[in-house]
**Q** 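Sending over a structure as structure tokens; questions will come in a sec.
Quick note: numbers below take in every heavy atom, side chains included, and nothing from hydrogens, waters or symmetry partners. Numbered from 1 within each chain, the chains take letters A, B, ... in sequence-line order.
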Amino acid sequence: MPAKLVFLGRLEDIVGTGELAVTPGPLEQVLTTLDPALAVELLGERVRMALNGALLGDSDAVVLAEGDELAFLPPVSGG
Amino acid sequence: MPAKLVFLGRLEDIVGTGELAVTPGPLEQVLTTLDPALAVELLGERVRMALNGALLGDSDAVVLAEGDELAFLPPVSGG
Amino acid sequence: MADVRLLGEGFSPPEEMAAFTAAHPAAGGIVSFLGQVRAEPGPHAVEALELKHYAAMTLPGMEALAAATRARWALDGLLIIHRYGVMHPGDPIVLVAAAARHRRDAFAAADFAMDHLKSQSWFWKREKTAAGWRWIEPRPDDHRDLARW
Amino acid sequence: MADVRLLGEGFSPPEEMAAFTAAHPAAGGIVSFLGQVRAEPGPHAVEALELKHYAAMTLPGMEALAAATRARWALDGLLIIHRYGVMHPGDPIVLVAAAARHRRDAFAAADFAMDHLKSQSWFWKREKTAAGWRWIEPRPDDHRDLARW
């Protein structure tokens, strides 16, 4: 069972899809399977990450397990 | 043509009427025709006066002309 | 322009809000305040409320307040409706709405107008409870609210 | 309790306000904020607006905001409705209403909830003008608003 990356807001346009199934493992390793320019964008300082709906701290080391959902959240602009 | 005194809020209850026709003249003189206890109430420091819809200053000397309307305004409590 | 009304009859706040909103399509935000007669159980329950006004001053004062509010914030529209007469629990008393391009302006304008309607407008209120009719004095809060501006 | 909804379809703010008001007869005051898609003429006119949400976080975040708002002010009721999806000029985007015994609480609660919905809720907005779709970045104002609390 794969893990899932979710791209919100403008990141969805940049990636070209809102969701991507990936092989579980450490995030660094997962990102090597993506376009390098895209990986840089995802790790930008204004992009936050949430694992299964819970926001991650900046320094949290992320290892994706099977079925995990990792979301990339650019700055919000609601209402 | 008489002048008119108008009593607002609780003053209407105290006077027993909302309006009173009076003979024109200086206010002091007009008030002598009323019950003295009532006159004291009307001149209380929390009661303001308006002549023909315009608020009067505390020290304005009031002389009622024919057709004038003098209103006694207790503290407001709207909305 | 501002829509300012002093009404002796009941009105429908949702209908007024629908009309006001429709009249200001360019406003990004609309803030409203609705004051209504509280419906509460118990021995101190208000059975009726009466607001008296003074024809020579009350509506002119509301219009001056509307002008001052419009002058102070950038608004697309301003609505002030205030009842007088006898009202019962659940009846609307006052409706203020401010439409603005920026949310902050709409909030501040509605808040300012309400503070001044409460403590500086020419209304006198009495309430009827089981103990009979009683004139309401202004609350210290009302003056404190006013001092914010 | 708070009534918190994340909607993919349009809604009627006047109907929601009528129902909310009827549900809180003991509240003396109800403050509402309605945000709608601006209808403006001209070359920069917004033809459509899209709000994206994230199912795992957006509604839970709105519910946490409602709980925080209720904990901070003495409210009889709180309503938060937020749209997602594609909207057009004149469509309602967000409706917040706070019912309280005291006017000040209702104003502050609605203001607080809106500031946080604007700048801390998980929504992403893009607008379509004659030049095409464009993602909207947060405004510096939004962060300034938040710093007030």
**Q** Tell me, side chain or backbone of D:Ala97 under 4.5 Å from chain C's heavy atoms, or both, or neither?
**A**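 For D:Ala97, neither part sits under 4.5 Å from chain C.
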**Q** Between C:Val96 and chain D, with a heavy-atom cut-off of 4.5 Å, which part of the residue counts as in contact: side chain, backbone, both or neither?
**A**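 Neither; nothing under 4.5 Å.
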**Q** Shorter than 4.5 Å, heavy atoms on both sides: which option in D:Gly90, D:Gly29, D:Gly28 has the most such pairs with chain C?
**A**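 Greatest number of close heavy-atom pairs with chain C: D:Gly28.
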**Q** Ignoring hydrogens, what is the shortest heavy-atom contact between C:Ala18 and D:Pro14? Give both atom names and the distance.
**A** CB-CG, 3.5 Å
**Q** Compile a table of inter-chain donor-acceptor pairs under 3.5 Å between chain C and chain D, counting both main-chain and side-chain atoms.
**A**
from, atom 1, to, atom 2, distance (Å)
C:His24, O, D:Gln36, NE2, 3.2
C:Pro25, O, D:Ala39, N, 2.9
C:Ala27, O, D:Gln36, NE2, 3.1
C:Gly28, O, D:Gln36, N, 3.0
C:Ile30, N, D:Leu34, O, 2.8
C:Ile30, O, D:Leu34, N, 2.8
C:Ser32, N, D:Ser32, O, 2.9
C:Ser32, O, D:Ser32, N, 2.9
C:Ser32, OG, D:Ser32, OG, 2.6
C:Leu34, N, D:Ile30, O, 2.8
C:Leu34, O, D:Ile30, N, 2.8
C:Gln36, N, D:Gly28, O, 3.0
C:Gln36, NE2, D:His24, O, 3.2
C:Gln36, NE2, D:Ala27, O, 3.1
C:Arg38, NH2, D:Arg101, O, 2.8
C:Ala39, N, D:Pro25, O, 2.9
C:Glu40, OE2, D:Arg101, NH1, 2.5
C:Arg101, O, D:Arg38, NH2, 2.7
C:Arg101, NH1, D:Glu40, OE2, 2.5
C:Arg103, NH2, D:Asp115, OD1, 2.5
C:Arg103, NH2, D:Asp145, OD2, 3.1
C:Arg104, NH1, D:Asp115, OD1, 3.4
C:Arg104, NH2, D:Asp111, OD1, 2.5
C:Arg104, NH2, D:Asp111, OD2, 2.7
C:Asp111, OD1, D:Arg104, NH2, 2.4
C:Asp111, OD2, D:Arg104, NH2, 2.7
C:Asp115, OD1, D:Arg103, NH2, 2.6
C:Asp115, OD1, D:Arg104, NH1, 3.4
C:Asp145, OD2, D:Arg103, NH2, 3.1

**Q** With a 4.5 angstrom heavy-atom cut-off, which part of C:Ala99 approaches chain D: side chain, backbone, both or neither?
**A** neither
**Q** Any idea which heavy atoms bring C:Phe33 and D:Phe107 closest together, and the distance?
**A** CD1-CE1, 3.8 Å
**Q** Of all residues at least two apart in sequence or in a different chain, which pass the side chain to side chain contact (heavy atoms under 4.5 Å, CB included) check with D:Pro25?
**A** C:Ala39
